Amino acid sequence: MFIDQVKVHLKAGNGGNGIVSFRREAHVPLGGPFGGDGGKGGDIIFEVDTNKSTLLDLRYNKKIVAENGEQGKNKRMHGADGRDIIIKVPLGTLIKNDDTGALLADLKHVGQRAIVAKGGKGGRGNCHFKSAKNPAPEYAEKGEAGDDINVKIELKLLADVGLVGFPSVGKSTLLSVVSAAKPEIADYHFTTLVPNLGVVKVNDGRSFVMADLPGLIKGASEGKGLGHQFLRHIERCRVIMHVVDMGAVDGRDPVQDFEIINKELESYHYRLMERPQVVIANKMDMDEAEENLKRFKEAYPDVEVFPACTLINEGLQLALYKVADLLAVTPEFPMQEEEEQGVLYTFTPKEEDFSVINNGNGRWTLIGPKIDKFFEMTDFEKEESVRKFGSLLTEIGVDEALRQKGCMDGDLVAIHDFEFVFEE
Ligand SMILES: Nc1nc2c(ncn2[C@@H]2O[C@H](COP(=O)(O)OP(=O)(O)OP(=O)(O)O)[C@@H](O)[C@H]2O)c(=O)[nH]1
Ligand SMILES: [Mg+2]
């Protein structure tokens with residue numbers, strides 16, 4: 001089974017602690033602070049590797065942990081930085097924060113790298129805190145914690161051209177004769193479970209990446225067959241090569257086939273029908289092929305068709321020129337996430353449940369979406385409901401937060417127009 005989605009927990013290295021130490025040497029009576037800084041925690045970096053085509057290696061690696069920075073050393077020496085971890089992924093990999101859904105990296109260029117989980121900074125040793133007032137500081141900073149996130153890694157195949165059609169129409173055969181790819185070819189349906197990529201070189205020197213995709217069937221856009229999970233791989237293809245079996249080897253009607261597949265592309269929500277199509281009339285060596293092609297042309301007079309016999313690589317060169325021409329004039333289609341997200345490589349901070357505002361004179365205000373929600377759900381006429389409201393606030397940490405900010409017994413806390421007296 002083709003792995004195109006994996007969830008992994010990433011823990012970047014923590015920064016090492018700075019240390020407290022003092023210079024003690026013979027003949028140096030007042031040796032000052034001498035504690036060094038902690039090292040930086042290791043980052044977790046994702047990098048495009050064009051030799052990879054699946055996320056398979058990540059499947060068994062549920063948690064990836066980068067090394068922590070070492071703590072600082074005496075004599076102002078830095079602790080060693082934690083080693084970074086570099087995870088190689090195929091071109092076209094998307095990494096999302098699994099908790100918030102935010103897109104963290106969109107790896108679509110050869111050699112591209114993205115730091116997805118950042119290691120913590122090392123804490124400063126006490127040698128940094130010396131001042132006239134405090135010539136011998138007894139404290140040092142702790143290291144910063146490294147990012148700790150759950151990510152969802154998705155692979156969207158990155159091909160310029162996608163081969164689309166019913167099962168067994170000869171998509172993989174086509175890819176195998178125009179590129180060095182060696183996909184499995186057989187006369188049973190759904191031979192291709194994993195999309196294969198091949199680099200196609202046209203005789204005039206132009207080249208592009210082609211993907212053979214698993215066969216589509218009627219209802220694929222609603223999840224039937226294997227089509228559904230792979231339709232989204234077509235999203236990034238700029239041109240579609242639509243292969244039709246003119247030999248009608250499986251007993252279907254090629255005229256209908258063409259319409260059914262286009263309907264599926266249309267029903268899928270990624271505007272797949274907006275991509276230009278190059279139509280291949282395959283298996284022209286079969287007896288009924290000529291007759292079917294004639295009917296096909298009558299049914300779709302405006303569609304340019306390239307008759308071919310992929311088995312012996314016949315009739316494909318013109319179609320490949322056509323693809324290269326179309327690629328030259330067809331821009332990339334923005335993907336759904338990009339349109340929604342706008343910005344890439346952003347971390348969305350977790351939304352706070354509430355905030356505490358100090359109004360002075362022992363008066364405080366609480367605001368925030370969770371508080372509003374509880375507030376709306378509470379009937380302030382009923383004692384029990386009010387009590388429940390109180391315990392919900394405690395549950396999300398309101399008491400603790402108020403106390404931390406300096407709220408004292410007897411202070412007044414307001415939520416909208418409701419006020420209560422704070423007591424421990
Ligand atoms: N007669 C004839 N048979 C062909 C031709 N091209 C491919 N075939 C045969 O058609 C069968 C299916 O070919 P594949 O290339 O595996 O078809 P596919 O579209 O990739 O099929 P799936 O991966 O199952 O969707 C194989 O038995 C091929 O040998 C052709 O031009 N003529
Ligand atoms: Mg195939």
Side-chain angles (χ1 to χ4, degrees), residues 1-4 53-54 157 159-200 209-221 223-234 237 239-265 268 272 277-294 296 305-320 323:
M1 184 62 194
F2 180 60
I3 304 300
D4 66 349
S53 60
T54 70
L157 213 63
D160 301 305
V161 191
L163 285 162
V164 167
F166 269 92
S168 293
V169 294
K171 301 179 295 296
S172 300
T173 311
L174 195 159
L175 180 72
S176 75
V177 296
V178 300
S179 77
K182 293 190 173 43
E184 196 181 338
I185 294 167
D187 59 1
Y188 56 86
H189 286 187
F190 301 119
T191 309
T192 302
L193 298 175
V194 180
N196 300 287
L197 284 185
V199 177
V200 180
V209 178
M210 184 185 273
D212 81 340
L213 298 166
L216 293 176
I217 55 169
K218 191 164 192 263
S221 58
K224 293 221 173 90
L226 278 171
H228 188 245
Q229 48 189 308
F230 297 105
L231 270 167
R232 62 201 191 108
H233 291 306
I234 313 172
C237 296
V239 173
I240 286 174
M241 243 182 157
H242 190 155
V243 185
V244 184
D245 175 4
M246 279 304 156
V249 171
D250 285 335
R252 291 184 316 264
D253 176 9
V255 177
Q256 262 182 18
D257 278 10
F258 185 66
E259 195 185 319
I260 292 172
I261 296 291
N262 281 338
K263 276 235 169 70
E264 293 306 325
L265 297 182
Y268 192 65
L272 299 180
Q277 277 193 16
V278 172
V279 180
I280 306 289
N282 196 25
K283 307 198 185 179
M284 289 307 295
D285 54 308
M286 300 299 288
D287 289 346
E288 295 167 39
E290 282 301 339
E291 177 54 32
N292 283 335
L293 180 62
K294 196 162 151 263
F296 190 92
V305 196
F306 294 88
C309 178
T310 52
L311 213 50
I312 53 166
N313 192 5
E314 203 175 77
L316 292 170
Q317 278 310 311
L318 281 180
L320 297 182
V323 170

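Side chains are part of it too, since the values below use all heavy atoms of this structure and drop only hydrogens, waters and symmetry mates. One-based numbering, in listed order, for ligands and for the atoms of each. All figures in this text were calculated on a predicted structure; none of them were measured in a lab.
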- line: Separation between CG (Asp253) and CG (Asn292), nearest 0.5 Å, reads 6.5 Å

query: Do Asp285 and Lys283 come within less than 4.5 Å of each other through their side chains, counting heavy atoms only?
result: yes

query: Should one rank Leu175, Thr310, Asn313 by closest heavy-atom distance to atom 5 (C) of ligand 1, which comes out on top?
result: Thr310

field: Sub-4.0 Å atoms of ligand 1 with respect to non-hydrogen atoms of His189
entry: 24 (O)

- request: Please work out whether any backbone atom (N, CA, C, O) or any side-chain heavy atom from C-beta onward of Asn282 is under 4.0 Å from ligand 1, and answer side chain, backbone, both or neither.
  value: side chain

Residue Pro167 vicinity, atoms of ligand 1 by number, heavy atom under 4.0 Å: 21 (O), 25 (O)

query: To the nearest 0.1 Å, how far is atom 25 (O) of ligand 1 from its closest protein heavy atom, and which atom is that?
result: Lys171 NZ, 2.9 Å

message: How far is atom 29 (O) of ligand 1 from the closest protein heavy atom, and which atom is that?
response: Leu311 CD1, 3.6 Å

query: Does any N, O or S atom in Thr191 come within less than 2.8 Å of the Mg ion (ligand 2)?
result: no

statement: Taking only non-hydrogen atoms of Ala186 and a 4.0 Å limit, the atoms of ligand 1 in range are 11 (C), 12 (C), 13 (O), 16 (O), 26 (C), 27 (O)

- request: Check Ala308 against ligand 1 and report side chain, backbone, both or neither, counting heavy atoms closer than 4.0 Å.
  value: neither

task: Give a yes or no on whether a salt bridge exists between Glu290 and Lys294, defined as a side-chain N under 4.0 angstrom from a carboxylate O.
output: no

message: Could you tell me, atom by atom, which parts of ligand 1 come under 4.0 Å of a heavy atom of Tyr188?
response: 24 (O)

task: Give a yes or no answer on whether the side chain of Asp245 reaches the backbone of Gly247 with a donor-acceptor pair at less than 3.5 Å.
output: yes

query: Quick one: are Leu213 and Thr192 in side-chain contact, heavy atoms under 4.5 Å?
result: no

task: Compare all side-chain heavy atoms of Asp160 with those of Cys237 and state whether any distance is below 4.5 angstrom.
output: no

query: From Leu320 CG over to Leu174 CG, what is the distance, rounded to the nearest 0.5 angstrom?
result: 7.0 Å

task: May I ask you to test the Phe166-Val243 pair for a side-chain heavy-atom distance under 4.5 Å?
output: no

message: Heavy-atom contact check, 4.0 Å cutoff: does Asp212 meet ligand 1?
response: no

Protein heavy-atom partner closest to atom 17 (O) of ligand 1 - residue, atom, separation in Å: Gly170 N, 3.2 Å

query: Non-hydrogen atoms of Cys309 versus ligand 1: any pair closer than 4.0 Å?
result: yes

task: State whether Thr173 contributes an N/O/S atom found under 2.8 Å from the Mg ion (ligand 2).
output: no

From Ile261 atom CD1 to His242 atom NE2, the distance as rounded to the nearest 0.5 Å: 5.0 Å

- prompt: What distance do Ile185 atom CD1 and Thr310 atom OG1 have between them, rounded to the nearest 0.5 Å?
  reply: 8.0 Å

- prompt: Which of the atoms of ligand 1 are close to Met286, meaning less than 4.0 Å from one of its heavy atoms?
  reply: 1 (N)

- request: Find all atoms of ligand 1 within a distance of less than 4.0 Å from any non-hydrogen atom belonging to Asp187, and give their numbers and elements.
  value: 27 (O)

task: To the nearest 0.5 Å, tell me how far Met210 CE sits from Ser179 OG.
output: 7.5 Å

- request: Starting from atom 32 (N) of ligand 1, find the nearest protein heavy-atom neighbour and note its residue, name and distance.
  value: Asp285 OD1, 2.9 Å

- prompt: Is there a nitrogen or oxygen of Thr191 sitting under 3.5 Å from a nitrogen or oxygen of ligand 1?
  reply: yes

statement: atom 22 (P) of ligand 1 has as its nearest protein heavy atom Ser168 N, 3.6 Å

field: Top protein contact for atom 13 (O) of ligand 1, by heavy-atom distance
entry: Thr173 OG1, 3.5 Å

task: Going by heavy-atom distance to atom 8 (N) of ligand 1, choose the closest among Met246, Met284, Lys283.
output: Lys283

field: Intermediate values then yes/no, salt bridge (charged side-chain N to carboxylate O under 4.0 Å, His left out), Asp212 and Lys171
entry: CA-CA 6 Å; Asp212 81 340; Lys171 301 179 295 296; over 6 Å; no

message: Can you check which of Val164, Ile280, Thr192, Asp250 brings a heavy atom nearest to atom 23 (O) of ligand 1?
response: Thr192

Side chain proximity check, Val178 to Gln317, heavy atoms < 4.5 angstrom: no

task: Indicate yes or no: at least one non-hydrogen side-chain atom of Gln277 is less than 4.5 angstrom from one of Phe258.
output: yes

query: Given that the side chain starts at C-beta and the backbone is N, CA, C, O, which of these parts of Val249 lies under 4.0 Å from ligand 1, counting heavy atoms, or is it both or neither?
result: neither

message: With heavy-atom distances below 4.0 Å as the criterion, list the atoms of ligand 1 near Gly215.
response: 25 (O)

